[in-house]
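The structure displayed is predicted, hence computed values, not measured ones.
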Amino acid sequence: MGLIAERLSRIKPSPTIAVSTKAQELKAAGRDVIGLGAGEPDFDTPPNIAAAGIRAIEQGDTRYTAVDGTPALKKAICAKFKRENGLDYKPSQVTVSSGGKQVIYNALMATLDPGDEVIIPAPYWVSYPDMVLLAEGKPVFVPCPQNNGFRMRAEDLEQAITPRTKWVILNSPSNPTGAAYSHADLKALTDVLMRHPHVHVLTDDMYEHLMYDGFQFVTPAQVEPGLYDRTLTMNGVSKAYCMTGWRIGYAAGPEKLIKAMAVIQSQSTSNPSSISQAAAVEALNGPQDFIPRNNAVFQERRDLVVQMLNTAPGIFCPKPEGAFYVYPSCAGTIGKTTRSGKRIGNDTDFTTALLEEEGVAVVQGEAFGLSPHFRISYATATETLRDACQRIIRFCEGLK
């Protein structure tokens with residue numbers, strides 16, 4: 001009998017973290033490496049939010065809190081959902097965790113029995129399927145190719161639903177593609193879900209505020225009020241508020257589910273950091289004017305990256321609606337050989353050779369369940385992005 005549990009053999013470490021770690025190792029060894037793997041804004045946490053965290057420390061707000069969030073933060077979250085999404089929740093319907101990832105993990109652990117199915121549109125955030133597997137569920141992937149705008153169609157959702165389906169996970173704007181669902185797109189999906197009352201919706205709205213070109217964000221329970229009692233709406237302060245290291249995610253949903261998630265959290269991490277919660281109250285209640293300013297910078301970077309990558313031989317880069325990722329196709333490079341004689345057989349070969357030969361770290365599409373693509377995070381300095389894109393163009397021009 002070995003030491004490590006059998007359930008761990010079902011999952012693998014996060015590929016996005018692996019890419020960032022590899023880039024850091026190469027940098028430490030003296031290589032000139034540009035890391036475009038991490039999904040993290042390069043802006044600092046706004047000063048008023050940081051000051052709220054400092055104030056919490058100075059005022060001794062450093063003790064345990066309620067397991068799944070302070071009353072002040074739950075109140076701020078309820079106000080946010082009402083103000084921005086037109087959704088009415090009570091504090092007893094809200095949970096707060098150490099990041100959005102823990103919210104999703106808690107929900108799946110609290111609800112999945114062995115063999116329960118979870119529909120996951122592909123490409124997907126790398127953690128969804130592994131968390132389902134860890135909870136002894138079965139991921140059911142629905143391919144959402146580039147020619148569908150990386151969005152799940154109603155007929156594909158209908159076909160994927162079985163009597164064992166417990167959840168469908170939606171993520172808009174998406175990590176890794178930046179694709180977002182319009183009101184009409186979501187209405188088509190929610191119409192399908194209204195015909196299947198046993199299916200619940202887990203919506204990951206973490207990139208809600210990172211929308212471009214006037215695209216209007218909507219969330220499923222807002223589009224179809226009939227799904228209110230079957231929807232867990234997850235969000236957090238990491239991306240829009242530049243607070244990735246503060247580790248605060250939150251969600252609202254049916255009270256019975258929220259209580260069950262609190263039980264899981266009470267026996268794992270217990271409460272999120274009291275200091276981070278105090279900062280998150282300020283983030284949600286305080287000035288929001290920096291968000292459009294940051295978005296203007298992100299949109300410029302998106303446009304730069306899309307324009308430059310589309311000049312690289314063998315690459316096609318669609319223009320996403322939101323988030324801070326692009327998900328280009330590298331189909332035109334498959335079967336070619338690099339300057340150093342390496343043959344590119346798939347997107348993993350492409351990203352490995354790009355890192356070795358040009359020092360640009362991106363994440364292979366295989367990690368997100370849809371090949372042949374790769375993901376670039378453009379949440380980094382504009383000049384660095386320009387340099388990285390020039391290297392990618394040079395790499396592609398060298399393929400034979």
Side-chain angles (χ1 to χ4, degrees), residues 81 85-89 93 95 100 103-125 127-145 148-174 177 179-206 208 217-235 251-261 369-370:
F81 277 125
N85 310 111
L87 294 172
D88 284 302
Y89 289 108
Q93 292 176 281
T95 187
V103 172
I104 299 167
Y105 180 86
N106 288 346
L108 296 173
M109 291 298 285
T111 58
L112 292 183
D113 289 315
D116 283 347
E117 294 173 359
V118 178
I119 294 172
I120 303 175
Y124 45 74
W125 180 45
S127 295
Y128 297 146
D130 284 324
M131 288 195 277
V132 170
L133 289 167
L134 206 51
E136 298 187 75
K138 179 186 172 189
V140 174
F141 301 115
V142 175
C144 304
N148 291 348
F150 300 120
R151 287 181 282 272
M152 181 164 62
R153 298 178 307 176
E155 56 266 38
D156 296 329
L157 172 60
E158 183 80 64
Q159 205 170 0
I161 293 172
T162 76
R164 294 304 306 266
T165 307
K166 189 160 269 186
W167 289 101
V168 57
I169 297 180
L170 295 173
N171 175 211
S172 171
S174 152
T177 65
Y181 289 84
S182 68
H183 191 285
D185 294 330
L186 269 188
K187 184 72 171 72
L189 297 178
T190 59
D191 284 351
V192 172
L193 292 165
M194 288 302 289
R195 295 196 291 274
H196 299 277
H198 68 293
V199 181
H200 296 76
V201 184
L202 200 170
T203 179
D204 177 349
D205 296 351
M206 190 60 81
E208 170 184 3
F217 174 85
V218 280
T219 194
Q222 184 182 9
V223 170
E224 177 47 79
L227 288 175
Y228 177 86
D229 291 329
R230 291 157 50 195
T231 301
L232 183 69
T233 304
M234 190 280 282
N235 212 312
E255 205 165 311
K256 186 177 177 184
L257 171 61
I258 296 298
K259 278 185 177 160
M261 290 166 65
L370 190 75

* So, Asp185 and Ser182: side-chain donor and acceptor under 3.5 Å apart, yes or no? -> yes
* Asked: Are Asn85 and Thr219 close enough that a side-chain donor and a side-chain acceptor fall under 3.5 Å?
  -> no
Quick one: pull up [atom1] in [X] and [atom2] in [Y] and give me the separation to the nearest 0.5 Å.
{"X": "Ile120", "Y": "Phe141", "atom1": "CD1", "atom2": "CZ", "answer": "5.0 Å"}
{"X": "Met261", "Y": "Lys259", "atom1": "CE", "atom2": "NZ", "answer": "14.0 Å"}
{"X": "Asp130", "Y": "Leu134", "atom1": "CG", "atom2": "CG", "answer": "8.0 Å"}
{"X": "Leu232", "Y": "Thr95", "atom1": "CG", "atom2": "OG1", "answer": "8.5 Å"}
{"X": "Asp156", "Y": "Arg153", "atom1": "CG", "atom2": "CZ", "answer": "4.0 Å"}

Donor-acceptor pairs are to be reported for all side-chain atoms of residues 166-174 against protein atoms at under 3.5 Å, with residues two or more places apart or in another chain.
from   : atom 1 : to     : atom 2 : distance (Å)
Lys166 : NZ     : Thr111 : O      : 2.7
Lys166 : NZ     : Asp116 : OD2    : 3.0
Trp167 : NE1    : Thr111 : OG1    : 2.8
Asn171 : OD1    : Asn175 : N      : 3.0
Asn171 : ND2    : Pro173 : O      : 3.2
Asn171 : ND2    : Asp204 : O      : 3.0
Ser172 : OG     : Tyr181 : N      : 2.9
Ser174 : OG     : Thr177 : N      : 3.3
Ser174 : OG     : Thr177 : OG1    : 3.1

Note, [X] side chain near [Y] side chain (heavy atom, < 4.5 Å):
{"X": "Val140", "Y": "Ile161", "answer": "no"}
{"X": "Tyr89", "Y": "Leu87", "answer": "yes"}
{"X": "Thr203", "Y": "Met234", "answer": "no"}

* To do: Show the numbers, then the answer: is there a side chain to side chain contact (heavy atoms under 4.5 Å, CB included) between Leu193 and Leu157?
  => CA-CA 9 Å; Leu193 292 165; Leu157 172 60; 4.0 Å; yes
* Asp191 bridged to Arg195 by N-O distance under 4.0 Å -> no
* **side-chain contact (heavy atoms from CB on, under 4.5 Å) partners for Glu136, two or more places apart** => Arg10, Pro114
* What pairs meet the side chain to side chain donor-acceptor pair (under 3.5 Å) rule with one or both residues in residues 221-230, with sequence neighbours excluded? ->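 Residue pairs passing side chain to side chain donor-acceptor pair (under 3.5 Å), neighbours aside: Gln93-Tyr228.
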* Is the CZ atom of Phe217 crowded by more than 12 outside heavy atoms at less than 6.0 Å? ->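 Yes, enclosed.
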* To do: Assess whether atom CD of Gln159 is packed by more than 12 heavy atoms of other residues, nucleotides or ligands within 6.0 Å.
  => no
* To do: Please report the C-alpha distance between Met152 and Cys144 in whole Å, then the side-chain angles of each, then the deciding distance to 0.1 Å, and finally whether the side chain to side chain contact (heavy atoms under 4.5 Å, CB included) criterion is met.
  => CA-CA 5 Å; Met152 181 164 62; Cys144 304; 3.7 Å; yes
